[in-house]
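Since the model is a prediction, treat every value here as computed from it, not as a measurement. The sequence lines fix the lettering, A, B, ..., with proteins before strands; numbering per chain opens at 1.
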2 protein chains.
Amino acid sequence: MKFQKNTRKKSHNSITIVDVAKEAGVSYSTVSRVFSGFEFVNEDTRRKVVEAANRLGYVVNLQARSLAGGRSNIVGLLVPGIDNGYISEIVKGIDQELANSQYDLMLYTTHRYAGKEAYYVKMIANGLVDGLLLIVPLVTENYLQALPTQDFPYVLVDQADSERPSTTVDVTNWQGAYEATSYLLGLGHKRIGFITGLTQLSSSTERLDGYRAALEHHRIAVNPDLIIEGNYETNGGYLSMLRLLDRPIRPTAVFAANDLSAFGALEAIRERGLEIPRDVSVIGFDDIPEASIVYPKLTTIRQPLIQIGQVAVRLLLEKLDDPEKEARRVTLATELVIRDSCAPPRE
Amino acid sequence: MKFQKNTRKKSHNSITIVDVAKEAGVSYSTVSRVFSGFEFVNEDTRRKVVEAANRLGYVVNLQARSLAGGRSNIVGLLVPGIDNGYISEIVKGIDQELANSQYDLMLYTTHRYAGKEAYYVKMIANGLVDGLLLIVPLVTENYLQALPTQDFPYVLVDQADSERPSTTVDVTNWQGAYEATSYLLGLGHKRIGFITGLTQLSSSTERLDGYRAALEHHRIAVNPDLIIEGNYETNGGYLSMLRLLDRPIRPTAVFAANDLSAFGALEAIRERGLEIPRDVSVIGFDDIPEASIVYPKLTTIRQPLIQIGQVAVRLLLEKLDDPEKEARRVTLATELVIRDSCAPPRE
DNA sequence: GTGAAAGCGCTAACAT
DNA sequence: ATGTTAGCGCTTTCAC
């Protein structure tokens, strides 16, 4: 690890509790009590202190508080990156919910620490934050193992943890995929392609399973040639779709494991001179904001993205309030959103 | 200010430099020196320390470092919210650039502190972060006044500061607007509407000025009836466009001060049964990712969003490295991106 | 109910 | 080149 050379002290000429104590004529531990929410302070004293603080423009120094054993009132959010409608919607929910609390947000993007996740997480948890929110953590194992104590508060967003009981919020991936596939089936499609997500993520395999189950339920054999690996990204969806179209038996419909992939598929289909949904129907998963903006508007399975973020925060705060609280998993419902990208097959 | 009641200590059972010092058989200030990048440490000692640290799994505690007068290696980012393609692109640039440095990012959204901006900023600057990035700060004045010291490092993104010399990165708003309007003019349009942004922002007035200048340059009288106030949001653009269409003289083209507004305009136009670009042309500003996804694809003025974020970070790091560095303003070029939402007028 | 004092993990003089 | 020591601003015993 390289570190910045320390050339200069930060300018720290701020008002501290000592100043406030002087101004209010009390000891500085009293000031501390007032601001840390300690209950047994005389009303008069409290008022004096608060007034003095306001007069001076005092604001608490979170690092000092945290160092001294209190809380930093900061929660960490670990995401791959923010350049993704799916994630920014969840972040929006997180932000909204956090705004109702006294917590601030520290944003960590993992892409910069590929291969050093453990170090990174340790640093984060060791440092500043009271708890951690992990969104689709690709290397869940590494992350969690690195947590400094068994009971460091964290919650997993949209990723199951098979190793230990982890507080988790996710959605009905299997059911959503089942419903998407059934919808296509109901439209009359028989050859339905599936573009997977990142196969190491539980959401991806759950969706694949849902797709399979729906086909089987309709007594349609699952054709491995119609299942093709994607990566949850637009370009991956594009490439996969191209390969799918080049196969001898072309699907009349495609279910992409997320909207981003579906966008790529849309592009690929058009590039082959085919029309959507006339020649091939496309359905996605997520319902990110862009889904209703693209042309044609994407039929998709909606995840309550904002709500996911909110729930994640609530679970974390619960755990922060009561460390004994045991891990639980909240699974939110998905919902089919019918728009313009699906139609019955032509033939 | 309410604060969280402090029910429990954070579990802090982490390895400190004292442990490392013991393990390595040196004093703990030596360990500090090694990890804070101090130069004059014997190679042997350094190696011993690093090895001991690795063995123990030591990671630095940033709060303690920062409290003790060092740097936290965290920069703060103050944004209205992240739910906006414009902002998330800039954030992406910021994140990319930060990844090359040793800095982490603390994200603050202002919407939660409406009316208490000063307090909020003070708290931020007082606390943790070494410097601050302010994106389109609506209440620039309040923010800047609240900075604890005259020389607290900050940079303003896409907002001019008329009060004091502030390090700023922005784009050629005037020129971009001039070019957009000229393009429409060149297509043959005479009645060109303008949907403004948030009027208190310099970017908005600059764009309006550019629009006016282009018209004047083409000897077309600026018609106040064609200028209508928006708010940089989709819904605002939608509402403004509706009003514009209801005026006696309908514009044949509209320039929206940003893409989000343009999207709203698109919707409004369609809702009135008109076709784009046949009946009315639309041009935007920003070129957020969605601009090339909407239908029809939006012709717009591109801002180098990612680059803006990168430059902002670079400017801040410069300032952090050398506090004496004086304020400067970097203005990046915009560029016309022609897509499908503009055509010559019909009549 | 309030004050005094120790200490959180670290940096930065000041010594040696 | 390395050790010693005094804080940074705060919370939290422990006294009174």
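- Atom CZ in Arg71(B) sits roughly 17 Å away from atom C1' in dC8(D) (whole-Å rounding).
- Summary of the strand contacts: Tyr58(B) and Gly25(A) both lie near DNA chain C, and taking for each the nucleotide with the nearest heavy atom, the more 5' one is attributed to Gly25(A).
- A straight line from OH of Tyr28(A) to P of dT11(D) spans 11 Å, rounded to a whole angstrom.
- As rounded to whole Å, 10 Å separates atom C1' of dG7(C) from atom CG of Leu67(A).
- When the side-chain nitrogen and oxygen atoms of Ser32(A) are compared with OP1 and OP2 of dT11(D), one or more of them lie within a distance under 4.0 Å.
- There is no side-chain donor-acceptor pair under 3.5 Å between Tyr108(B) and Asp95(A).
- Checked for salt-bridge contact, Arg47(A) and Glu43(A) miss the test: no charged N lies under 4.0 Å from a carboxylate O.
- Counting only heavy atoms from C-beta on, Val41(A) has its side chain closest to dT2(C) among dT2(C), dC10(D), dG9(C).
- Residue contacts for Val26(A): at a heavy-atom cut-off of 4.0 Å it reaches the sugar-phosphate backbone alone, with no base atom in range.
- At dG3(D), one or more side-chain N or O atoms of Ser27(B) fall inside 4.0 Å of OP1 or OP2 (strictly under the cut-off).
- Within the 4.5 Å cutoff, the side chain of Leu315(B) has heavy atoms near those of the Val169(B) side chain.
- One finds a side-chain N or O of Thr45(A) lying less than 4.0 angstrom from the OP1 or OP2 phosphate oxygen of dT2(C).
- To the nearest angstrom, P of dT12(D) lies 16 Å from CZ of Phe35(A).
- Distance Leu62(A) CG to dC10(D) P: 9 Å, rounded to the nearest Å.
- Both Asn42(B) and Ala64(A) lie close to DNA chain D; mapped to their nearest nucleotides by heavy-atom distance, the more 5′-ward contact belongs to Asn42(B).
- Remark on DNA chain D: of its neighbouring residues Ser29(A) and Glu43(B), the 5'-side contact belongs to Glu43(B), judged by nearest-heavy-atom nucleotide.
- The nearest whole Å value for the distance from the CG atom in Asn61(B) to the P atom in dC10(D) is 17 Å.
- Among the nucleotides dG7(D), dT11(D), dT2(D), the one closest to the side chain of Ala68(B) is dG7(D).
- Counting only heavy atoms from C-beta outward, the side chains of Ile90(B) and Ile306(B) never approach each other to under 4.5 Å.
- If you measure from atom CD of Gln63(A) to atom P of dG7(D), you get 19 Å, rounded to the nearest angstrom.
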Practice item. Determine, step by step, whether Tyr154(B) and Tyr143(B) satisfy the ring-ring contact (aromatic ring centres under 6.0 Å, His included) criterion, reporting the C-alpha distance in whole Å, the side-chain angles of both residues, the deciding distance to 0.1 Å, and the verdict. Key: CA-CA 11 Å; Tyr154(B) 69 92; Tyr143(B) 289 161; over 10 Å; no

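- To the nearest angstrom, C1' of dT11(D) lies 8 Å from CD1 of Ile17(A).
- Residue Arg33(A) places a side-chain atom within donor-acceptor reach of the base of dG3(C), judged by atom type and a 3.5 Å distance cut-off alone.
- Using a 4.0 Å cut-off, some side-chain N or O of Arg65(B) falls inside it from OP1 or OP2 of dT11(C).
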